[in-house]
Visitor: 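Before I ask anything, let me first share the structure, which is written out below as structure tokens.
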Amino acid sequence: PFLCTIISERAVVIYKILNVNTKSITEAKQSFSNLIQEANSTGEPIYILNDNKLTKIILDKKCLLKIVKERQMLEEKFYYYQVNSRVAKI
């Protein structure tokens with residue numbers, strides 16, 4: 001139990017150091033619509049913690065689409081890297 005407490009406290013400290021918006025699961029349940037509005041207005045993710053552990057992340061649509069687009073670009077770059085590596089071996 002002591003080790004779990006230290007890890008949980010460190011997780012909260014890390015979120016504070018990163019200056020990310022965190023809410024407890026209790027806060028999220030009580031004012032979910034407010035969290036949605038906040039995520040939409042700020043464009044920043046909101047990290048939901050349960051017992052100081054990350055359980056969910058609330059993203060607005062623009063943020064999610066940006067992440068998806070960046071991932072697709074990275075997958076495409078990786079694909080062309082693999083193709084170029086195989087062609088270079090021939």
Visitor: Could you go through Asn21 and Thr42, starting from their C-alpha distance and side-chain angles, then the distance that decides it, and tell me whether this counts as side-chain contact (heavy atoms from CB on, under 4.5 Å)?
Guide: CA-CA 10 Å; Asn21 191 358; Thr42 64; 5.8 Å; no

Visitor: Do Ile36 and Tyr47 sit in one hydrophobic cluster, given that two such residues count as connected whenever their side-chain heavy atoms are within less than 4.5 Å of each other, even indirectly?
Guide: no

Visitor: Ignoring hydrogens and geometry, is there a side-chain-to-backbone donor-acceptor pair from Ser31 to Ala28 under 3.5 Å?
Guide: no

Visitor: So, taking the atom named CG in Leu35 and the one named CD in Gln30, what distance separates them when rounded to the nearest 0.5 Å?
Guide: 10.5 Å

Visitor: With hydrophobic residues grouped by side-chain heavy-atom distances under 4.5 Å, do Leu54 and Ile67 end up in a single group?
Guide: yes

Visitor: If you apply the rule side-chain contact (heavy atoms from CB on, under 4.5 Å), what do you find for Leu65 with Lys69, and how did you get there?
Guide: CA-CA 6 Å; Leu65 293 176; Lys69 183 177 180 179; over 6 Å; no

Visitor: Please report the closest heavy-atom contact between Cys63 and Gly43, naming both atoms and the distance.
Guide: CB-O, 4.0 Å

Visitor: Using every non-hydrogen atom in the two residues, find where Lys23 and Glu27 come nearest and quote the distance to one decimal.
Guide: CA-OE1, 3.4 Å

Visitor: Is there a side-chain contact (heavy atoms from CB on, under 4.5 Å) between Thr55 and Leu49? Walk through the geometry before answering.
Guide: CA-CA 6 Å; Thr55 57; Leu49 306 177; 6.0 Å; no

Visitor: Do Tyr81 and Leu74 belong together in a cluster built from hydrophobic side chains that touch within less than 4.5 Å?
Guide: no

Visitor: Give me the atom names and distance for the closest heavy-atom approach of Ala39 to Ile46.
Guide: N-CD1, 3.9 Å

Visitor: Could you measure the distance from the CG atom of Asn50 to the OG1 atom of Thr26? Nearest 0.5 Å is fine.
Guide: 7.5 Å

Visitor: Any link between Ile25 and Ile58 through a network of hydrophobic side chains (Ile, Leu, Val, Met, Phe, Trp, Tyr) touching at under 4.5 Å?
Guide: yes

